[in-house]
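Everything quoted here is computed from the prediction, not taken from an experiment. In what follows, every chain begins at residue 1, and chains take the letters A, B, ... in the order their sequences are listed.
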Number of protein chains: 2
Amino acid sequence: MEIPQKDDILKKFPQFEQTLLDEILANSTIKLVEEGDEVMRTGQYIRSSVLLLNGLLKVYREDEEGNEFLMYYLEPGHACALSMMCTARDEQSQIMAKAVVPSEVILIPSHLSEQWLAKYKSWHNFVIASYRQRFEELLQTLDSVAFKGLDDRLLFYLKRHVQVSGKEVRLSHQHIADELNSSREVISRLLKKLEQTGAITLHRNYIEVHDLDLV
Amino acid sequence: MEIPQKDDILKKFPQFEQTLLDEILANSTIKLVEEGDEVMRTGQYIRSSVLLLNGLLKVYREDEEGNEFLMYYLEPGHACALSMMCTARDEQSQIMAKAVVPSEVILIPSHLSEQWLAKYKSWHNFVIASYRQRFEELLQTLDSVAFKGLDDRLLFYLKRHVQVSGKEVRLSHQHIADELNSSREVISRLLKKLEQTGAITLHRNYIEVHDLDLV
DNA sequence: TAACTTCTGTGATAATTGTCACTGTAGCAC
DNA sequence: GTGCTACAGTGACAATTATCACAGAAGTTA
């Protein structure tokens, strides 16, 4: 079981040095999470950096009333930037990560990930790159909320979803509404409009995406 | 002129090691910027890390049509996290920083700030802390847009403004509307409502804040 | 097949926000 | 003072989004 994992990590994180890979194998745990499982939640103590080996995570925000709001998806080979900002967090703002499909995550104890920053150039670069990338994605999300109407945000959402999991978007209208912090009826209507333009075809429980750039 | 600057930097950035301070003094330029001056704009090449020595910067987002949207304020002793993510940026998303009052910024060439990450622990910590903090603030901003109505966002905006520059908010309604990406009339009406609760008093060109937590 | 649940479609209506048009007022230049 | 400009207040109306109510279709279980 060990060799396949090493190969897998190597494939997903080709930028890591050999010695770093060995340390990861020796010191981290690999956890299998089921679809829908919560992988992390800020406010709780984070004692590990979270890297994604296989599967797909969604990272989202939740306010006091339980409204959620999708920030971005995390794909294999990437890390949750927040889990690496390993000092104490302020409690009020909750970030959650949940598995969209069955996934494998690598958990690296915080003190090691901290040490490695100085020890391994490739780790250091990886961490910095993660920060940068998440920051960018967050900004894009912010843009779409700040400047765009719900119709454009829905488009943005669908595009992102197609990118990570293909042209068969297997989501209910309710689910989409939740992630955009809107309501089902509104999403239904907007999707209908999209269907009329020919960009998508609606089915029960999934949406067939043809071409979102036509719109 | 050199000694006062060193003292000043030392006071604003007490966490830096002595040798790092010397390097900063030797290699960075200090720039005076007038009120309203643009300090940075992404998309253009960023060749320096930007630290704020004195004054106040606002960091905001601008879309293609010129709509702006306030992200956060930057106070002395802090740095623009984005200016330290020194690799090439993607062009479309624009982040701007503008001086709110006459300010002094320290410009550190990117290649040095890169080197220092490995060389000085205190610099490394500073950069990581900056990322973290900006990330948090960005999340707060995102929350307010995603989950709150304009009335709450206005409150949030006023509070933040009071924090950085006191209870006399010297801004026109139009200015506030721009930073919240709304329109003057709407802001005027909401402010009137706030005045009726006794939280603020309106004047020409400034708002007197009494207590925003009453609302 | 019947009973039940989940998902989707749709009309009516309300609330929020944006836009337009117009007024008044304070300050400044001349 | 007269004019000019920037700022603020307000009513009317439009657009977007949310909410409520209900109906029907698809899938599941018994």
**Asked** How sharply is the helix from C:dT1-D:dA30 to C:dC30-D:dG1 bent, taking the axes over five pairs at either end and rounding to 10 degrees?
**Response**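 Taking the rotation axis at each end, their angle is 30°.
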**Request:** Please determine if a side-chain N or O atom of B:His173 lies less than 4.0 Å away from the OP1 or OP2 oxygen of D:dG9.
**Result:**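 B:His173 to D:dG9 OP1/OP2: side-chain N or O found under 4.0 Å.
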Check the pair B:His210, B:Thr201 against side-chain hydrogen bond (donor to acceptor under 3.5 Å, both in side chains), reporting the backbone distance first and the verdict last. CA-CA 8 Å; B:His210 307 307; B:Thr201 309; 2.4 Å; yes
Let me confirm one number: the [atom1]-[atom2] distance from [X] to [Y], rounded to the nearest 0.5 Å.
| X | Y | atom1 | atom2 | answer |
| --- | --- | --- | --- | --- |
| A:Glu185 | A:Leu190 | CD | CG | 11.5 Å |
| B:Arg184 | B:His173 | CZ | NE2 | 9.0 Å |
| A:Phe13 | A:Trp123 | CZ | CH2 | 8.0 Å |
| A:Asp37 | A:Leu32 | CG | CG | 10.5 Å |

| message | Using a heavy-atom cut-off of 4.0 Å across all strands, would you classify B:His175 as base, sugar-phosphate, or nothing? | response |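 Here B:His175 touches no strand at all.
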- Message: What verdict does the side-chain hydrogen bond (donor to acceptor under 3.5 Å, both in side chains) test give for A:Glu179 and A:Tyr157, after you've listed the backbone C-alpha separation in whole Å, the side-chain angles of each residue and the deciding distance to 0.1 Å?
- Response: CA-CA 9 Å; A:Glu179 295 202 313; A:Tyr157 174 89; 2.4 Å; yes
Q.
If I take atom OH in residue A:Tyr206 and atom P in nucleotide D:dA26, what distance separates them, rounded to the nearest angstrom?
A.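 Spelled out: OH on A:Tyr206 to P on D:dA26 is 13 Å.
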ask   = Which whole-number value in Å describes the distance from B:Asn205 CG to D:dT5 C1'?
value =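 These atoms are roughly 12 Å apart.
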*Considering heavy-atom distances to DNA chain C, does A:Arg204 or A:Ser188 have its closest nucleotide positioned more toward the 5' end?*
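Its nucleotide being nearer the 5' end, the pick is A:Arg204.
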For chain B and DNA chain C, what are the first and last nucleotides along the strand, 5' to 3', with at least one atom under 4.0 angstrom from a heavy atom of the protein chain?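 The protein-touched segment is C:dT17 to C:dA26.
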Salt bridge present between B:Lys58 and B:Glu68 (N-O < 4.0 angstrom):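 Salt bridge between B:Lys58 and B:Glu68, a charged N being under 4.0 Å from a carboxylate O: yes.
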Letter by letter from the 5' end, nucleotides 15-23 of chain D scores (B base, S sugar-phosphate only, - none; protein heavy atoms under 4.0 Å) --SBBBB--
*Parallel, tilted or perpendicular: which fits the ring planes of B:Phe126 and B:Phe16, with parallel below 30° and perpendicular above 60°?*
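It falls in the perpendicular class, over 60°.
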Query - Minimum side-chain heavy-atom gap B:Asp63-A:Asp143 below 4.5 Å - result: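 Result no, sub-4.5 Å side-chain heavy-atom pair not found.
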Identify the two heavy atoms, one from A:Pro76 and one from A:Lys12, that lie closest to each other, and give their separation to 0.1 Å.
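Closest approach of A:Pro76 to A:Lys12: CB-CD, 4.0 Å.
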